[in-house]
Every structure is written in C-alpha cells, then in structure tokens.
Amino acid sequence: MVRLGAVAGTAVLFAAIATVGAQPGQQPQKIAVPNWLDDEGKDIFKDLEDDENIYGDNSCELREKLLKKMAGKGEKDASDHRARVLLGLGLCTFRKGDYTMSKKRLESAISEMNFPSEDWMLQNQQVAHLALIKQAAVFMSRHEITQASTALRRCREILDRNLKKILKQVHKQMGAQGQSPPLENIVEELAGYGKTGQFLPMIMKQVPVLSQDLSFSELVDQALDNLDRRIAGIDPSLKAKKLRLDTSKGKGTSKGSLMYVRSLPTEAVVSAERSAAVQEFISNGGIDALKEEVAALEKGMTLIKRTKEGSGCKEGKGLEKTCKALNAVADIAANGFGETRVVMVKAGKPQVLDVCETNANIAILIAAKDGATAKIKGVAEPVTLGAGEPVVIDFCREVTLEASSGVPVLFAQAWHPEFAALERSTELRARSKNFELSEDDVKAATKVVNDYAKKNWEKAAALWRKDSEGHASIKASFENEISEKKKVADDAAEAKRLEEDAGDEEKQKKLEELEMKRAEKRKKAEAAEQLRLKRKQQLEEERAQRDPWLNFPSVLAAETHLAELKEARRDANAKLEFDLSTQLTKDISAADRALKRATKTARKLHKKGGTAADDAAAKGKTADSEAEDKEETVEEKKVEKKEKVEEKKVEK
C-alpha cells in the first residue's frame, strides 16, 4: 500500500483543512510527536516543528539529529516520519548546492514512501513535485543545467497547482462560515509565500502545514533565480530578454501577452537538424508544398495565429498543403504566442521581423526562393536563406531580412523544445482571455500539447541539446566554476600547510624560549619558598624565646584545632553551605575561648614551674588551674546563653 500521509505536506494538508472550520479559539492541527522517540528525540521533533525557517541552517541541523533518533525504528508510522525528515534534508542540501547528497537524501525519502515507481509519481499531481526535485538534483550533479532548469520549473508549477487546489478547499470551508474573501485575492498572495498579505498568513495559522509547500516553492524559486543569473553571465542576451519580457506579471487567472521564462537560453542560430519541429514539417511534405504554393505570392499572409488558422489558410488562398503541413506540427499549431506567416521580402527593402513575445518560442525561417539573408543582432555574418533550406533562430534578438529580389519567406513561430508540456498548457489556460481563445480553443490546443508530449517531447528536447555549442558552453562554465572553487580551496590549504611548515623552526625556537622562562620562574618560586620556610622557622624560634608557654602542647593543640575550624568554614562558604558555616562560626568562638584558656593556663604554669611546667601541663592541670577553668566555664555558659537570646531576637 502506498503511504501518502506525512510525506511533504500536500497530503497532510487535506486532513488539516478541517481545522479552518473549527470554532474560534480551537488550536490548529499539528503533526503529533511520535511516542516511540526517546525524550531527546521528542524535544528535537518539537523544536523542528516550531522552527518557522523550515529549510534554514538550524532546521537542517535538527533534521540530521532527528534522523539518527529515528534510525532502525519499525513502528507503523516510522517510515512516514523518516521520509518526511529525509525529504527535508534533501531540500536542505539542494539549497546549499550539495546536489550529490541531495540526490541521495531524496532517493532515500522516495524509497521510504514506497511508491510504485518514479513514472507513477510523475503521473500523480500530489507527489509529482518530489520526483521532479530529485531529477533536478541529478541533473545539477551532472552539470546538465537546462534540464535541471526544466525540472525545477515543472516542480514549481506542480507545487503552485497543489497550493491553489488546497486554497480552494480552504475557501470553501471559510465560505460555509460566511467569512470568505474572494478566492482570487487569496491566490494572489501565494507570491509572498505566506509571509505577506492580508489573508494567507492568517490561514497558515490555522493550517500550519501549508508552510511546508510554500517554503518548498520559495526554495525552488530561489534555485531558478540563481540559475537564471548564472546563465545570464554566460549568455548576455538572456538579460536583455528579461528586461523586455518580465513586465507582464498578471494577477489572478489572467495574464498579459509577454512572458519571460527563467533559465531558458537559446542560441542565436540553430541547425535545422536539431529541431524536431523542422524535421516534422519536412516529413509532412511542407518544404515542397511551400516552394510550390508560396513562390507565386505577391504579399504576405498570416497562416496560424495563437493556435487558430489565419486568413492565409482559408479555402481558395492556394496554401492548403502548406497549412496542412504546419498544422501537423504540434509545436507550431499549439503555440499560443505570436503567429506563423509568410513574409514578402522585397529587393532593397529590409524587413524587420516581429520580436518574440516570450523566450519560450523559437523561429523557423524557410525561403521559397534563393536570394534572401537574415541579419541577427549579435551575429557577425548574415545567415544565408537558401531555397527550401530551414534555419532556426532566436527571434528575441533583432532580426532583419534582406533580398536581392522578391523572396517569400515562411516565418514560423514554435514552442521552445525545452519548455515542457505542463508549462505550455498552464500558460494557454492562464492567458486565454488575452489570446482571445474560447474554452473549446483552449481544450483543443492543450490536447495537442499533451498528446505530443506523451510520445515526443523528451525526444525533441534531447535532439535540441544534441551537439549544441550553447549547452556545452553552459556546462563547461559550471564545471569550470566548481573546479576553480576547488582549486582556490586546495591552494588555500596548501598555503596554510607551507606556512605551518615554514613556521616549525620558529615555533620550536619560541617553545625553547618559553621553557627557559618557565624554568627560571620555577627556580625563583623555589627560592621564595625556601626563604618563606626559613622566615617561618625564625619567627617560631623568636616566639619560643619571647613567650615560651605558647609552645606548650595544650596551646599548640588548641591553635591547630582553631585553624582547622577556620579552614572548614572557608570551604563551607565557598560551597554556599550556610547552615554548616553558621555552626562552624559557633565552634570557632568556642575554640578561640579554649585557646585563650590554654594560653592563660600555660603562662601561669610557666611562671610557677619554669621549663618544668611544660611537662606538668602535658600530664594534667594543677588544682588552681582547674578552679580557674570552672570559673571560666561558668562565664562561657553565660556568654553562650546571651548569644542564644540575641539569635532568637534576630530570628523574630
């Protein structure tokens, strides 16, 4: 069974639409945290869901961690969650330009989804964009730039259709509550990816998984814009086309007559052998019919205009065979832009051809007689138009026809071979009003487009790229750019290595100097310690001579005990153990009093017994000292009682 839930947002969105119809205050639906994740994994999952920058660096890092937590899990929904994380990682690496890793991640995601095949995915609108982004990663890893661009444009169109379908469902739910703005107003805000606008940001709060596909769309748009800029650096004509054609944005379902297609270059002159449209026209007998029927014309005629037959193809005009051959060529017959006509080029009167309405068109020139040439802007030498010899040109550049005598020239406008059927049918529907096409006209044209695409579009596109100097130049430029980046990185690494090698001797010298300084410092420290010990011994000797009783064992023991208590209090304060510190303070007071008693007793013993009193103090106290101790004990108890009373007052 094919799993669609929790894949990339599209299928999940339909389940989440019901939340729009919820009562005010109801929480929007979110993807539940898998209960089979450990606590750390659950936290990562929540952080990832809460991150608004879905394909930012932080989200990508979280996905890497989450994938490790999900590895090896066999629960029912584990595969769906892994697929979702892998898809996100595939898009993250695509954004960073690591197309090989992106391909690997996307293939793993598709494998987890358990779809029948990639062809099956391309036939299903809900998931076709996943197969197309994977194809784009494959083409980019091979530096097949125009193929990658086509895959990205198709992916973007599928995403756009899915989003519009979802918004239509949302709009229906909102209408049931009597609070729905016009659908066209909501659709117009898709260009802002839900970040701007009056309605879409609010809808996203109730249907948060909308952000998945909107962020996906933004990522694809950024990739196409980047490719377009890079190709324009190789083919300067692309920039001029964009400036002229990228002005008719259109709103809602209606668009203007001009259209710029990103990352779709065309060489100035293309061999007729590379054009499937030309080969079809020839095989249909079009060349012979043209030379036979057009040679006697005295003025130009329109044969096909925006998918419909022109005046030149009406009965009685004498161009039946030529028109039949043209209508059998899908790329010409179903082209909604421009027109196909016969141009009469008179001697000494240059004929400037119409400039393209879109760079998704190419022009086919076929002269019925010898004597004509075509001057193309940017091409040094004029192109000779021999009788019955087709020439394919980029008529977005300025083209002028000249002849030594009157020559009829077929000027046929056809779809660009790398402009996909999905894109063609979309533009025919979106611009039908501007092109003055009825619903039946649109259906007939899109049928021609789709029928041709099923059998021949990929072959026609491959033929167009075969032996193409323009495509080879673009590929070489991208390869050289990567090689140059690698060379710069390698040079920097080598320079760093040489710098490290060159600095080894200096580094060793500095280490030796540092070691000498450390040895000298240690020597000074040792001398200072010896001096301190010597001074300490001197002070102790002076003390013994000045106050001999201070060296009595009882006094020394009391001093040692007091010092230990003070050290313990310092440790307690450092560890913020305030209760212990308070108790130690009381103990220190008692020990201090004990030291004073011991000192006083030792001094009396020393005065009475001289040096022999030391031994007496070690063996026991005298009767007088014991009496004195009792008196002091009474005094101590009074002091302690007074301290306790003071403490209780403080506590109160």
Side-chain angles (χ1 to χ4, degrees), residues 153 156-157 160-161 164 184 187-188 190-191 224 228 237-266 277 300-313 326-327 329-343 351-365 377 392-400 410-449:
R153 291 196 306 271
R156 182 66 180 88
E157 181 57 38
D160 196 52
R161 290 187 180 187
K164 288 177 180 176
E184 292 77 9
V187 170
E188 285 177 15
L190 286 174
L224 280 168
D228 194 57
S237 70
L238 209 60
K239 184 176 181 180
K241 294 173 189 176
K242 185 174 183 179
L243 289 173
R244 188 175 66 83
L245 298 172
D246 197 20
T247 57
S248 181
K249 300 291 185 183
K251 292 186 177 182
T253 58
S254 177
K255 295 186 178 181
S257 60
L258 300 179
M259 179 182 72
Y260 177 75
V261 179
R262 291 174 290 183
S263 308
L264 188 64
T266 306
M301 286 189 177
T302 297
L303 306 182
I304 300 175
K305 185 174 182 179
R306 303 200 188 284
T307 76
K308 295 183 287 188
E309 287 189 346
S311 59
C313 286
L326 286 170
N327 281 314
V329 180
D331 281 3
I332 296 175
N335 180 22
F337 292 86
E339 64 182 86
T340 293
R341 56 194 174 92
V342 175
V343 179
Q351 177 77 44
V352 179
L353 295 181
D354 298 337
V355 184
C356 71
E357 293 181 347
T358 174
N359 62 319
N361 274 187
I362 58 172
I364 302 169
L365 300 178
K377 187 175 182 180
V392 181
I393 63 169
D394 175 12
F395 72 114
C396 289
R397 309 165 195 247
E398 186 179 310
V399 181
T400 304
L410 177 68
F411 174 36
Q413 299 179 21
W415 286 116
H416 193 294
E418 290 190 296
F419 193 61
L422 176 68
E423 300 174 280
R424 300 178 189 185
S425 59
T426 298
E427 297 304 330
L428 284 170
R429 293 189 183 97
R431 301 172 192 272
S432 59
K433 183 177 180 180
N434 188 279
F435 291 167
E436 297 180 355
L437 299 177
S438 67
E439 186 64 27
D440 290 339
D441 293 333
V442 173
K443 287 181 179 179
T446 54
K447 185 178 186 305
V448 172
V449 167

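Positions are given from 1, in the same order as the sequence printed here.
Side chain to side chain, Ser237 and Arg397 meet the donor-acceptor criterion of an N or O pair below 3.5 Å. No donor-acceptor contact under 3.5 angstrom links the side chains of Glu357 and Ser257, judged on distance only. With no hydrogens or angles considered, a side-chain donor-acceptor pair links Glu309 and Asn327 at under 3.5 Å. Donor-acceptor pairing under 3.5 Å is lacking for the side chains of Gln413 and Thr340.
Here Asp331 pairs with Arg424 in a salt bridge; the nearest charged N to carboxylate O distance falls below 4.0 Å. A salt bridge links Asp228 to Lys242: one of the charged nitrogens lies within less than 4.0 Å of a carboxylate oxygen. The residues Lys377 and Asp394 are annotated as not salt-bridged, no charged nitrogen and carboxylate oxygen being separated by less than 4.0 angstrom.
Within the 4.5 Å cutoff, the side chain of Leu190 has heavy atoms near those of the Val187 side chain. Using a 4.5 Å heavy-atom threshold, the side chains of Val399 and Val355 count as separate. Using a 4.5 Å heavy-atom cutoff, the side chains of Met259 and Leu245 are not in contact. The closest side-chain heavy-atom distance from Arg161 to Leu422 is below 4.5 Å. At a threshold of 4.5 Å between non-hydrogen side-chain atoms, the residues Thr446 and Arg429 count as touching. By the 4.5 Å heavy-atom criterion applied to side chains, Arg153 and Val261 are counted as neighbours.
The line from OG of Ser311 to CG of Leu303 is 8.0 Å long, rounded to the nearest 0.5 Å. Here the CD1-CD1 distance, from Ile364 to Ile393, works out to 10.0 Å after rounding to the nearest 0.5 Å. The distance from atom CG of Leu365 to atom CG of Leu353, rounded to the nearest 0.5 Å, is 6.0 Å. Considering CG of Leu258 and CZ of Phe337, their distance stands at 8.5 Å, rounded to 0.5 Å. Residue Phe419 holds its CZ atom at 7.5 Å from CG of Leu264, rounded to the nearest 0.5 Å. The distance from the CG atom of Asn335 to the CD atom of Glu427 is 11.5 Å, given to the nearest 0.5 Å.
For Ala420, the side chain to side chain contact (heavy atoms under 4.5 Å, CB included) partners two or more places apart in sequence, or in a different chain, are Thr150, Arg154, Glu423, Trp457. Residues forming a salt bridge (charged side-chain N to carboxylate O under 4.0 Å, His left out) with Arg244 (at least two apart in sequence, or on another chain): none. Looking at residues two or more places apart in sequence or on another chain, you find no salt bridge (charged side-chain N to carboxylate O under 4.0 Å, His left out) involving Lys305.
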- prompt: How far apart are the C-alpha atoms of Ser438 and Asp441, what are their side-chain angles, what is the distance that settles it, and do they pass the side chain to side chain donor-acceptor pair (under 3.5 Å) test?
  reply: CA-CA 5 Å; Ser438 67; Asp441 293 333; 3.0 Å; yes

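Looking only at distances, a side-chain donor or acceptor of Trp415 sits under 3.5 Å from a matching main-chain atom of Ala334. Thr302 places no side-chain N or O within 3.5 Å of a backbone atom of Arg341 that could act as its donor or acceptor partner.
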